[in-house]
Amino acid sequence: MSEAVSRAQFIQHAQNRFNFNVAKWNVAIVGQTKSGKSSLVNSLRGLQDKDSDAADVGITETTLQPESYSMPAAASCVLWDMPGVNTISNPAKTYFKDNLLGAFDMLLLVSADTIAEQDVAILQQAHASGSIVAVIRPKNDTHINNIIYSEELHPPDATRMLQG
């Protein structure tokens with residue numbers, strides 16, 4: 001695709017490549033590999049990671065191509081589990097365009113740790129294309145436990161420390 005891509009061009013390419021349905025509310029779950037994107041898809045669908053119709057999760061990179069999942073509680077919504085950013089096959093510099101993120105109605109950026117350069121790249125490109133983005137920070141229980149251990153704090157104090 002050329003440097004400047006319109007939303008209509010993104011949508012046309014997504015329809016051809018992913019069988020993208022513009023009649024639905026399409027939400028792309030994006031972020032780094034192993035940030036919890038697939039687990040978030042499962043949670044939003046009311047599933048456990050081990051359920052038979054759940055998005056695949058694993059200890060290595062699992063989602064290699066965009067995968068769509070219906071929402072039982074919201075028939076007009078489709079969640080898209082996207083490959084992780086900043087891998088050999090999905091470099092941060094071209095991730096937004098390569099994965100046609102400008103076609104989606106909303107992006108959920110999953111960042112399990114601190115916001116990294118590749119997250120900023122997605123946010124900047126989303127802003128430039130007029131995309132709606134929400135940042136999700138899962139795994140807070142891990143961060144709270146780390147603070148409790150390293151700072152020798154009680155859980156409520158660690159939670160307040162993490163909140164800011």
Side-chain angles (χ1 to χ4, degrees), residues 1-140:
M1 278 192 249
S2 66
E3 192 62 33
V5 180
S6 71
R7 178 164 164 75
Q9 290 171 310
F10 272 123
I11 289 171
Q12 181 180 17
H13 288 291
Q15 287 173 316
N16 294 334
R17 187 168 150 208
F18 310 145
N19 197 26
F20 193 82
N21 184 349
V22 295
K24 302 282 187 173
W25 180 258
N26 292 281
V27 179
I29 314 294
V30 300
Q32 300 174 49
T33 296
K34 309 309 312 154
S35 62
K37 296 180 304 298
S38 299
S39 291
L40 177 61
V41 168
N42 293 335
S43 180
L44 291 171
R45 296 177 66 224
L47 300 173
Q48 297 291 317
D49 288 344
K50 64 183 184 275
D51 290 344
S52 62
D53 55 346
D56 289 338
V57 298
I59 59 170
T60 60
E61 184 178 7
T62 307
T63 306
L64 302 176
Q65 295 294 323
E67 295 284 340
S68 65
Y69 295 91
S70 62
M71 291 281 294
S76 62
C77 183
V78 177
L79 297 176
W80 289 83
D81 191 9
M82 304 302 283
V85 64
N86 209 27
T87 63
I88 292 169
S89 55
N90 287 289
K93 184 175 183 178
T94 60
Y95 182 81
F96 192 90
K97 286 184 183 177
D98 291 348
N99 286 284
L100 307 172
L101 298 182
F104 292 88
D105 298 298
M106 182 177 195
L107 308 178
L108 296 180
L109 174 62
V110 181
S111 181
D113 295 308
T114 50
I115 299 291
E117 186 176 339
Q118 56 267 20
D119 299 324
V120 172
I122 292 170
L123 291 169
Q124 288 173 332
Q125 292 173 59
H127 178 73
S129 73
S131 299
I132 299 169
V133 183
V135 177
I136 309 280
R137 186 165 185 213
K139 304 181 184 182
N140 275 336

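- Taking all atoms of both residues into account, the shortest heavy-atom contact from Val85 to Ala92 is CG2-CA, 3.7 Å.
- Remark: side-chain polar atoms of Gln125 are not paired, donor with acceptor, to backbone N or O of Ile122 under 3.5 angstrom.
- For the salt bridge (Lys or Arg N to Asp or Glu O under 4.0 Å) test, residues two or more places apart in sequence or in another chain that qualify with Arg7 are Asp105.
- Asn42 places none of its side-chain heavy atoms less than 4.5 Å from the side chain of Gln48.
- Shown here are the side-chain contact (heavy atoms from CB on, under 4.5 Å) partners of Leu123, two or more places apart in sequence or in another chain: Leu109, Val133, Val135.
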Gln32 vs Ser35, test: side chain to side chain donor-acceptor pair (under 3.5 Å). Steps then yes/no. CA-CA 6 Å; Gln32 300 174 49; Ser35 62; over 6 Å; no

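- Tyr69 and Arg45 get closest at one heavy-atom pair: CD2-NH1, 3.4 Å.
- Within the 4.5 Å cutoff, the side chain of Met71 has no heavy atoms near those of the Val78 side chain.
- Note on residues 81-92: pairs passing side chain to side chain donor-acceptor pair (under 3.5 Å), not counting sequence neighbours, are Ser38-Asp81, Thr63-Asp81, Asn86-Gln118, Asn90-Asn99.
- Of all heavy-atom pairs spanning Ser131 and Gly102, the tightest one is OG-CA, 4.2 Å.
- For Phe10 and Phe104, the ring centers sit 6.0 Å or farther from each other.
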Verdict with reasoning, Leu100 to Phe18, per side chain to side chain contact (heavy atoms under 4.5 Å, CB included): CA-CA 10 Å; Leu100 307 172; Phe18 310 145; 4.0 Å; yes

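- When atom types are taken as modelled, the side chain of Thr62 and the backbone of Gly58 share a donor-acceptor pair closer than 3.5 angstrom.
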Run the side chain to side chain contact (heavy atoms under 4.5 Å, CB included) check on Leu108 and Met106 step by step: do they pass? CA-CA 7 Å; Leu108 296 180; Met106 182 177 195; 3.9 Å; yes

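- Proximity of Phe20 to Ser68: side-chain heavy atoms (C-beta onward) are nowhere separated by under 4.5 Å.
- Within the 3.5 Å criterion, the main-chain N or O of Pro83 finds a donor-acceptor partner in the side chain of Tyr95.
- Residues Ile136 and Leu40 are in side-chain contact: their nearest non-hydrogen atoms beyond the backbone lie under 4.5 Å apart.
- The structure places CD of Glu61 at 4.0 Å from OG1 of Thr33, a figure rounded to the nearest 0.5 Å.
- At most 12 heavy atoms of other shown residues, nucleotides or ligands fall within 6.0 angstrom of atom CG in Asn19.
- Here the side chain of Asn21 pairs a donor or acceptor atom with the backbone of Ala23 at under 3.5 angstrom.
- Side-chain contact between Gln65 and Arg17 is present, with at least one heavy-atom pair separated by less than 4.5 Å.
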